[in-house]
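Okay, structure first, notes after.
Counting starts at 1 for both ligands and their atoms, following the listed order. Only this structure's heavy atoms are used, side chains among them; waters, hydrogens and symmetry mates stay out.
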Amino acid sequence: MEDSEKLNRIVEARMRLKARFEEKMKGTPSMSDQVPRGSGKPNRHGMPTIPIGQTVTTKWPVLDLGYQPNITTDRWRLKIDGAVEHPLVLTWDEFMALPQTQDISDFHCVTTWSKLNMRWRGVSLLDLAGLVQPKAHATHILCYGYDTYTTNLSLEEALKPDVLLAHTFEDKPLPKEHGGPCRMITPQLYAWKGAKWIKRIEFLTHDQPGFWEERGYSNTAYPWRNDRYSS
Ligand SMILES: Nc1nc2c(c(=O)[nH]1)N[C@H]1C(S)=C(S)[C@@H](COP(=O)(O)O)O[C@H]1N2
Ligand SMILES: [Mo]
């Protein structure tokens, strides 16, 4: 497929997706609660900065399963499949040729640290969804890392504009320990919802818990509601 065809498909499908998920998205805590959204200083409008129970850190701790896969960009592939009209596998060059999004956002780890104003560059999940076109009955995604990690998201969270597959942090390639060459970020949810070393996004017609969701962490993971563990 030509790049221009891809772009047309993305732009058109993105509008339809926005319309389809608008109402559900409005009902999510980051949009409906009378509390700030913590989406980086430019978006914060002077509101308080961090959710309850969090402490700001300027360091950037590393959390993983005890193993950091070494995926060079020539070997990296991103598979997007499941309940979509156009399943695909992207190479690094194909991925980098897609529309690029820059955003500044906050990062809240459930282990109580928050890192603020992180400047990312990557491809938005909304644009990737536009490319593959989720089927009408798709409701969730399950993300897979090269380290066997998995985590799930509802589409009304996953399609928010600040959810990125990020490859660049503060103008430098994302370091391996933080999920480089490419990871997902979910600024409106606890950071375990963003798979490092991402290799596959599966669209689902039902919800399916991932690694931490199966081990007692909250399925929804709303930092602004202190929503850490499943009850
Ligand atoms: N593939 C993969 N992604 C992952 C994890 C992991 O172990 N493997 N840990 C999650 C958790 S619990 C958090 S808090 C963040 C940590 O990202 P960082 O190491 O860049 O701070 O990544 C999330 N994504
Ligand atoms: Mo975490």
Side-chain angles (χ1 to χ4, degrees), residues 38-40 50-73 75-80 92 95 103-123 125 128 140-154 157-158 160 162-202 208-230:
S39 196
I50 57 164
I52 184 168
Q54 296 293 110
T55 307
V56 172
T57 177
T58 51
K59 291 188 215 127
W60 191 0
V62 171
L63 287 101
D64 56 45
L65 303 176
Y67 160 67
Q68 298 176 353
N70 193 18
I71 310 298
T72 51
T73 53
R75 285 196 300 129
W76 183 86
R77 295 288 182 278
L78 178 67
K79 182 177 187 177
I80 313 181
W92 187 257
F95 175 73
D103 194 38
I104 297 177
S105 59
D106 300 338
F107 195 95
H108 307 296
C109 176
V110 71
T111 62
T112 75
W113 56 270
S114 290
K115 189 169 165 61
L116 305 182
N117 305 320
M118 300 176 79
R119 188 157 50 88
W120 303 92
R121 190 172 164 80
V123 177
L125 190 72
L128 288 167
H140 291 79
I141 56 172
L142 189 64
C143 300
Y144 299 73
Y146 276 93
D147 59 345
T148 76
Y149 187 80
T150 54
T151 188
N152 60 321
L153 288 160
S154 68
E157 290 295 341
K160 286 181 177 171
D162 55 6
V163 175
L164 304 184
L165 269 73
H167 51 72
T168 300
F169 177 70
E170 307 289 355
D171 297 321
K172 291 190 203 74
L174 181 66
K176 173 178 142 174
E177 66 270 25
H178 291 299
C182 182
R183 75 171 301 159
M184 196 153 125
I185 55 160
T186 58
Q188 306 306 330
L189 303 175
Y190 285 118
W192 87 76
K193 290 289 186 182
K196 295 159 74 166
W197 312 290
I198 193 161
K199 74 166 181 189
R200 179 180 174 204
I201 299 169
E202 183 184 14
Q208 188 179 321
F211 182 87
W212 286 119
E213 292 82 9
E214 281 187 325
R215 288 166 178 77
Y217 278 155
S218 159
N219 194 44
T220 41
Y222 302 126
W224 298 96
R225 289 191 180 177
N226 205 17
D227 169 30
R228 298 168 195 267
Y229 309 105
S230 55

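Each of Trp60, Pro61, Val62, Leu63, Asp64, Leu65, Phe107, Cys109, Trp113, Asp147, Tyr149, His178, Arg183, Ala191, Trp192, Gly194, Ala195, Lys196, Trp197, Trp212 has a non-hydrogen atom positioned under 4.0 Å from some atom of ligand 1.
Of all heavy-atom pairs between Cys109 and Tyr190, the closest is C-CD2, 4.0 Å. Here the closest non-hydrogen pair linking Lys176 and Trp197 is O-NE1, 2.9 Å.
Taken from NZ in Lys196 to CD1 in Ile71, the straight-line distance is 13.5 Å, to the nearest 0.5 Å.
Side-chain contact between Phe211 and Tyr217 is absent, with no heavy atoms from C-beta onward closer than 4.5 Å.
Asp171 and Arg119 are joined by a salt bridge, as a carboxylate oxygen and a charged side-chain nitrogen come within less than 4.0 angstrom of each other.
A search for ring-ring contact (aromatic ring centres under 6.0 Å, His included) contacts involving Tyr144 returns nothing, not counting sequence neighbours.
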